[in-house]
A.B. asks: 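Dropping the structure in here first, questions after.
Computed over heavy atoms, backbone and side chain alike; hydrogens, waters and symmetry mates excluded. Worth saying up front: this structure is predicted, and the values here are computed from it rather than measured.
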Amino acid sequence: MYSFTCDYSEGAHPNILKKLQERNLMQHPGYGEDEVTNEAIELIRQRIGNPKASIFFVIGGTQANMAVISALLRTPEAVICVDGGHIWAHETGAIEATGHRVITVSGVQGKLTPAGIQKALDDYFMRPHMVKPAMVYVSNATEVGTIYKKAELQAISEFCRAHKLLLYLDGARLGSALTSDENDLTLKDLTELTDVFYIGGTKNGALFGEAIVFNDPALYPDFDYVRKERGALLAKGWLLGVQFGELFKDDLYFKIARQANILAKKLSAALKEAGFEFLADSPTNQVFPIVSKEEMAALAKKYVFEEWQPIDEHHSAIRFVTSWATDEAHVDELIKDCIKLKNNN
C-alpha cells in the first residue's frame, strides 16, 4: 500500500536530519533562545523582505491558529472564514474553545471574497447582541488546493483595512501555493497585504513546525506570553530553529515544494485526459478527482487516500496529496491504475 493521504507521511528532508544529528549532543539554551533559532529568524526576515518582523516558531498549525486568533481578538470578537476553512472544519473547535466564534460564509473554489466578508458583516450587525466580526482568516493554499492570486488577496486586504478588520493567513501549504505555476504572489507581498501569516514547515519537509510572522511587531508586542500560555513554547526550541534554518538555506523550502507540485500536476493532467472530473481546479499538491464508489473501492485495495466529499449517491471526491518525498514511480503506477479503471467502465 502506498499512501497519498497527506504531505507529512514521511519524516523530514535529509538536510534537516543531517543538521539535527550534527547538533544533537551540543548544548543549547532552552525555549528558542539559542544561536540557530536566531539565525533562522534572520534568514526568514531576509527572505520576506521585512527586517522588523517578529517571528515565533510553534509545533503545528492548529496551535498557531489558536494562539494568533485568541491573542488578537478581544472577548466579544469573532473571526470570519470560508465554509470548509481549516479553523472551522478540521480543528475540533479549538478557536471556539478560546471563547471566539468562527463565522463561515460561502466562497469560490475554497477562497474567501470581499463579498463573502461583507455578508458576514451584514449578518452580524445587531450590537451588542451579536459577536463582532474583527478578523478575516484565509489559507493559501486552500483546503481544496486552490490559491489566491495577488489581485484577489489585495482586494481582501483593502476591504479589511477599510473595515478595520485584521487579516490572518494560514500558510500550512504556503510553499506549495507560492511555487504553483499559476502563482503571482511573493513572501514580500504577504508582509504588505496581511497583518499576520505563518509559514508551514510540517507539510513541507520539516519533522514539525510553523513560523508565525507578525509583520508589524507593534500589533501584539506580548505574543511571546501568549505562545507560552497556550502551551506552544517548545522547551527544546532549537529543534525548530535548526529545521527552519535548513529550509530557508539555499531556497530548499521552495525547491521541495515545487517538486510536490510537479508530481501533482502530472497526476492531475493524466486523470483529466482520462476523463475524470474534479471537485476543484487545484494547481498545487492536492488533487481531488471525482470517482465512482466502485472505482474508489478498487483504488483503496492498493493505495491509501482520503474520501473528501460525497458528490451524489454513487460518486465521491477523493484526495490524493503529493509531497517532497513522493516517489514518482508510485505516481506513474497510480495513473495507470486510474486509467485502467476508467477504461473498464
Side-chain angles (χ1 to χ4, degrees), residues 6-8 11-13 16 20 28-34 36-45 47-48 50 53-73 79 81 85-87 90-98 100 102 135 137-140 166-177 187 190-191 194-217 219-248 253:
C6 62
D7 32 16
Y8 46 89
H13 190 276
I16 289 175
L20 287 171
H28 303 84
Y31 306 107
E33 298 174 5
D34 58 85
V36 290
T37 299
N38 289 334
E39 289 174 354
I41 287 171
E42 286 306 315
L43 278 174
I44 294 174
R45 283 176 175 154
R47 194 63 176 78
I48 67 177
N50 184 357
S54 287
I55 297 169
F56 303 89
F57 296 124
V58 297
I59 295 172
T62 298
Q63 198 178 62
N65 291 336
M66 180 178 65
V68 170
I69 293 171
S70 65
L72 296 180
L73 294 184
V79 56
C81 81
H86 206 272
I87 58 171
H90 295 105
E91 294 189 356
T92 326
I95 305 305
E96 290 92 336
T98 68
H100 300 286
V102 178
M135 176 186 284
Y137 164 97
V138 297
S139 56
N140 197 33
L166 294 169
L167 179 56
Y168 170 52
L169 187 143
D170 178 326
R173 292 190 172 94
L174 189 57
S176 186
L187 279 173
L190 297 187
T191 70
T194 71
D195 293 293
V196 187
F197 68 98
Y198 82 79
I199 301 168
T202 302
K203 294 175 179 175
N204 193 38
L207 283 171
F208 51 83
E210 330 296 327
I212 300 169
V213 180
F214 279 74
N215 297 313
D216 181 358
L219 178 63
Y220 202 98
D222 295 328
F223 187 74
D224 54 337
Y225 284 95
V226 176
R227 180 173 56 165
K228 177 68 174 183
E229 178 192 47
R230 294 296 179 189
L233 180 59
L234 184 63
K236 296 181 181 179
W238 67 273
L239 294 173
L240 290 163
V242 165
Q243 293 183 79
F244 276 91
E246 288 303 304
L247 287 173
F248 277 83
Y253 185 78

A.B. asks: Under 3.5 Å, is there a donor-acceptor pair between the side chain of R45 and the main chain of A53?
C.D. replies: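 Yes, R45 side chain to A53 backbone: donor-acceptor pair under 3.5 Å.
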A.B. asks: Mark yes or no for whether Y168, through its side chain, and I69, through its backbone, hold a donor-acceptor pair below 3.5 Å.
C.D. replies: no
A.B. asks: Side chains of T191 and F197: does their closest heavy-atom pair fall under 4.5 Å?
C.D. replies: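 Result yes, sub-4.5 Å side-chain heavy-atom pair found.
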A.B. asks: Got a second to check how far K203's NZ is from E210's CD, nearest 0.5 Å?
C.D. replies: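 K203 NZ to E210 CD: 8.0 Å, rounded to 0.5 Å.
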A.B. asks: Please tell me if the side chains of L240 and W238 come closer than 4.5 Å, counting only heavy atoms from C-beta onward.
C.D. replies: no
A.B. asks: Measure the CD-OG1 distance between Q243 and T37 for me, rounded to the nearest 0.5 Å.
C.D. replies: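 Between atom CD of Q243 and atom OG1 of T37 there are 10.5 Å.
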A.B. asks: How long is the span from the NE2 atom in H13 to the CG atom in L207, to the nearest 0.5 Å?
C.D. replies: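 If I round to the nearest 0.5 Å, the distance is 12.5 Å.
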A.B. asks: Quick check on Y31: does its OH atom have over 12 non-hydrogen neighbours (other residues, nucleotides or ligands) under 6.0 Å away?
C.D. replies: no
A.B. asks: State, with a plain yes or no, whether a side-chain heavy atom of Y137 is found less than 4.5 Å away from one of I95.
C.D. replies: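 The answer is no, as the side chains (C-beta and beyond) never meet within the 4.5 Å cut-off.
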A.B. asks: Any non-hydrogen side-chain atom of I16 less than 4.5 Å from a side-chain atom of F244?
C.D. replies: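 Of all side-chain heavy-atom pairs linking F244 with I16, none is under 4.5 Å.
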A.B. asks: Please confirm whether the backbone N or O of V242 pairs with a side-chain atom of E246, one donor and one acceptor, at under 3.5 Å?
C.D. replies: no
A.B. asks: Less than 4.5 Å apart, any side-chain heavy atom of L247 and any of L43?
C.D. replies: no
A.B. asks: Are Y198 and D170 close enough that a side-chain donor and a side-chain acceptor fall under 3.5 Å?
C.D. replies: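 Per modelled atom types, Y198 and D170 side chains form a pair under 3.5 Å.
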A.B. asks: Would you list the atom pairs, donor with acceptor, under 3.5 Å between side chains in residues 225-236 and any protein atom, with sequence neighbours excluded?
C.D. replies:
residue	atom	partner	partner atom	Å
R227	NH1	F57	O	3.1
R230	NE	S70	OG	3.3
R230	NH2	S70	OG	3.4

A.B. asks: I need the I87 CD1 to N65 CG distance, nearest 0.5 Å.
C.D. replies: 6.5 Å
A.B. asks: Hey, are the side chains of L169 and L174 touching, using non-hydrogen atoms and a 4.5 Å cut-off?
C.D. replies: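 Yes; the side chains approach each other to less than 4.5 Å.
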A.B. asks: For F248 and I199: C-alpha separation, side-chain torsions, deciding distance, then whether side chain to side chain contact (heavy atoms under 4.5 Å, CB included) applies.
C.D. replies: CA-CA 11 Å; F248 277 83; I199 301 168; 3.9 Å; yes
A.B. asks: Which word best sums up how the rings of F223 and F214 line up, parallel for under 30°, tilted for 30 to 60°, or perpendicular for over 60°?
C.D. replies: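 Geometry flag for F214 against F223: tilted rings.
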A.B. asks: Is a donor on one side and an acceptor on the other found under 3.5 Å between the side chain of N215 and the backbone of D195?
C.D. replies: yes
A.B. asks: How far apart are the closest heavy atoms of A206 and A12, and which atoms are they?
C.D. replies: C-CB, 4.0 Å
A.B. asks: Please lay out, stage by stage, how V79 and H100 fare under the test side chain to side chain contact (heavy atoms under 4.5 Å, CB included).
C.D. replies: CA-CA 7 Å; V79 56; H100 300 286; 5.7 Å; no
A.B. asks: Are side-chain heavy atoms of L187 and V213 found at a separation under 4.5 Å?
C.D. replies: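 In short, these two side chains do not touch, never coming nearer than 4.5 Å.
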A.B. asks: I need the minimum non-hydrogen distance between M135 and V68, along with the two atoms involved.
C.D. replies: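 Smallest interatomic distance, heavy atoms only, reads CE-O, 4.5 Å.
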A.B. asks: Can you check whether I59's main-chain N or O pairs, donor with acceptor, with Q63's side chain at less than 3.5 Å?
C.D. replies: yes
A.B. asks: Should D7 and N204 count as side-chain neighbours, where that means a heavy-atom distance under 4.5 Å?
C.D. replies: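 Side chain of D7 against side chain of N204, heavy atoms only: no contact under 4.5 Å found.
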